[in-house]
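What follows is a short report on a single structure.
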Amino acid sequence: MKAILNRFSRGALLVACVMLAHIALVLREYPPSLLLRGEIPLRGDVWHYFATAHGGSQVQGVFGYDPCFMAGYPVGLWNSVGNKAYSVIHSLAPFIPLPALFYLTITGVALLAPLVAWFGLRPLFPDRRRWTLLLLVLLLYWHLDTQIAYFWGFGNVFFPAAACLVPVLVASVWNALSGRSWALLAPAAGLVAGLIFYTHPAAFVAGLVPVAAAAVLNGKRSACPGYWLAMGTAAAVFVAVAAWWLIPLLRNLGDCVPRPEKFFESNWRNLVMDVFSDRVYRHPFDRTFLYHVAVVLGVGGSILCWRANRALSVMGVGGLACLVFAYSGSSLGPLAALQPYRFVLPGAVLLLAPMTECLVWIARVVKESSWRIRVAALLVALILLPEFAGYLLDRAGRRGGTELSGARWEALRMIDRLPLQGRILCDDVQLGRVTPYFTGKPVIGGLGQAAFVKHGFASMWDDRLFGREVGRWTGSDLALYFRHYAVEYALFARSEWKELARRNEALFVLEKESAGYNLFRVLGAEPSLVLSGKAVVRADYDRIDVSQVQTNILVLKLHYASWLAADRGVNLEPERVLDDPVPFMRCRVPEGVNEFVIRKK
């Protein structure tokens, strides 16, 4: 009994130490001082996520109308595919300020994701030592693996978190189809699938591969009613959970712009080379050693577990299939729109559980071998040690800041003081993304580059405005577009746009220069949101107020949406304007109506 207690105490102490190290490393990445100061943990993808989450927090339901970006767009739908979870969490806890919610969400998910995977895989590891080893493997990869650590450190914490949920989903499906407490596990599998869908649909699509493998390899039980009952229950629960968002997504499918990333595409030779050197994401430190260890040992563990623990083999098969698709998908025509390279992350995470079994087997083989074999194994480990040590050195490196710079604060103050009636044009993408939150002012710029909706045309990023490169703009063309999109001021930080403004002094008047930003007033600006007709329009989230109407036909400088409707008998119709792929809003106003409100149906 004493020996058992001592063994348990040593194991518990090891787990406790590992947990403390895990917490310390997460908080080192996102210091609690950010929460105490009320700052947004702005880093990498957080800029984009915060913009859409802020818009989503202002509308009713799962989606709504955001007038602050892209001349009005459906916030919460296709442009939120990679970050819907923030809006969902806000809807559950609306009393938490958005900066605090973002900090708590990022750090909370970063802390919990690998632990949830650990607990979810517990039924597959009845041996306490194997289970403890799995924890070490998961946390090792969470903090050191180039891709996993890069994503959550870059602010995209839900992508690796969803990848951690994929093996939990596979384990739940496998056990449910095996007849083990299916009445509990099948609904649980549906809930986990729904959670993955809301956190990152790319991981959800990747997760379908190992789930299909689980269903096929459990096919010998397909004659059993419980098999089909379990599958049907899991699918029904998933549909019930996902329908809240899935139905509006499908209804607005026409707004979606599948965007195959040229960044990810390659030829076959380079696709093979990507396995050995991650050129696609271009990480600061291109380290693939841990990834290769996961692939080799994961496949080895899948083979070893084929008879003893088939569920782990299923994960290995699914993980390997994800990797094959990841490196070949960009050459498979329409499938390139799924950005298949993203499947690398869930594929690698799926291999970690069978990899654990392979490590146990290697340890047992070495232990049972002669001293010569042990010495040889030690020498191999020493040869590989520098490869692993590089990860530790990278991790010890200095992390980037997560707060707004002084220059951007000054730029926001300039915008906030403007007597803005129309929109401001902003070539600083990151600044544009937080401008509506800090100032309440609508922008042309900010979300277009990351938009998965046609509305992204009405935006600005890098050297492009309304889809046209800076060198192709003339003063007369700019003036025409500025009138149609109610551009009243322009804030430029990039030299090419500053130079364009200087060449067109008949259109731009320099108002202020500060901290590298030039603020220009647009001469002859027409800031009214009425393109044709006479009325006064004020646009807010989910609500457009039109008053002092003097004409029966109004065309608003706001994008049309089929799910918007006006009261008092006013009909809304689409109106094509310039070369914008999304029509503007035409209002047919009955006689005697001088004011009305446009809302979501």
Side-chain angles (χ1 to χ4, degrees), residues 49 52-53 55-57 59-64 74-93 105 109 112-113 116-117 120 156-174 176-177 182-215 228-256 258 318 322 335 337-339 342-343 345-346 350 452-453 563 600-601:
Y49 296 165
T52 51
S57 71
V59 300
Q60 299 297 317
V62 72
F63 73 100
V75 65
L77 289 178
W78 288 103
N79 206 52
S80 301
V81 161
N83 51 52
K84 187 61 183 173
Y86 288 108
S87 297
V88 172
I89 293 172
H90 179 269
S91 67
L92 297 174
T105 299
V109 172
L112 292 175
V116 169
N156 193 346
V157 69
F158 281 114
F159 186 27
C164 285
L165 288 174
V166 170
V168 178
L169 172 63
V170 177
S172 301
V173 169
W174 177 267
L177 295 181
W182 72 265
L184 177 63
L185 290 173
L191 287 172
V192 173
L195 184 58
I196 297 172
F197 173 71
Y198 281 104
T199 49
H200 207 288
F204 171 76
V205 175
L208 295 178
V209 177
V211 166
W228 296 104
L229 197 55
M231 288 187 67
T233 301
V237 171
F238 165 72
V239 171
V241 171
W244 181 48
W245 188 33
L246 183 59
I247 291 174
L249 278 180
L250 296 178
R251 284 180 175 173
N252 292 270
L253 187 59
D255 288 336
C256 179
C322 284
L335 294 177
L338 294 174
Q339 298 183 3
R342 297 185 185 277
F343 282 36
L345 194 56
L350 279 165
F452 288 91
V453 288
W563 37 267
K600 185 170 66 173
K601 294 178 184 177

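For the pair F159 and L345, the minimum side-chain heavy-atom distance is below 4.5 Å. Contact of the L185 side chain with the W174 side chain is not registered, since no non-hydrogen atoms from C-beta on lie closer than 4.5 Å. Using a 4.5 Å cut-off on side-chain heavy atoms (C-beta onward), C164 and V116 make no contact. Between P187 and T233, some side-chain heavy-atom pair lies under the 4.5 Å cut-off.
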Query raised in the report: Is there a side chain to side chain contact (heavy atoms under 4.5 Å, CB included) between R342 and V205 once you walk through the steps?
Result: CA-CA 10 Å; R342 297 185 185 277; V205 175; over 6 Å; no
Query - side chain to side chain contact (heavy atoms under 4.5 Å, CB included) assessment of F204 paired with V166 - result: CA-CA 8 Å; F204 171 76; V166 170; over 6 Å; no
Report task. Take L195 and L191 through the test side chain to side chain contact (heavy atoms under 4.5 Å, CB included) and record every step on the way to the result. Result -> CA-CA 6 Å; L195 184 58; L191 287 172; over 6 Å; no
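Rounding to the nearest 0.5 Å gives a distance of 9.5 Å between CG of L169 and CG of L350. We find the CD-OG distance between Q60 and S91 to be 11.5 Å, quoted to the nearest 0.5 Å. The distance from the CG atom of L77 to the CG atom of L250 is 10.5 Å, given to the nearest 0.5 Å.
In this structure a side-chain-to-backbone donor-acceptor pair under 3.5 Å is missing from Y198 to N83. A donor-acceptor distance shorter than 3.5 angstrom exists from the side chain of N79 to the backbone of F452, with no hydrogens or angles considered.
Between W563 and P74, the shortest heavy-atom distance links the atoms CZ2-CB, 3.5 Å. Scanning both residues, V62 and P248, for their nearest heavy atoms gives CG1-CG, 3.9 Å. Contact between A162 and T199 at its shortest, heavy atoms only, is CB-OG1, 3.5 Å. Residue L165 comes nearest to V192 through the heavy atom pair O-CG1, 3.8 Å, listed as atom of the first residue, atom of the second, then distance. When all heavy atoms of G76 and F63 are compared, the closest pair comes out as C-CB, 4.1 Å. Minimum heavy-atom separation, W78 to L249: NE1-O, 3.0 Å.
A cation-pi arrangement, defined by a distance under 6.0 Å to the six-membered ring centre and an angle within 45 degrees of its axis, is absent between K84 and Y49.
Classified by interplanar angle (parallel below 30°, tilted 30° to 60°, perpendicular above 60°), the ring pair Y86/F158 is perpendicular.
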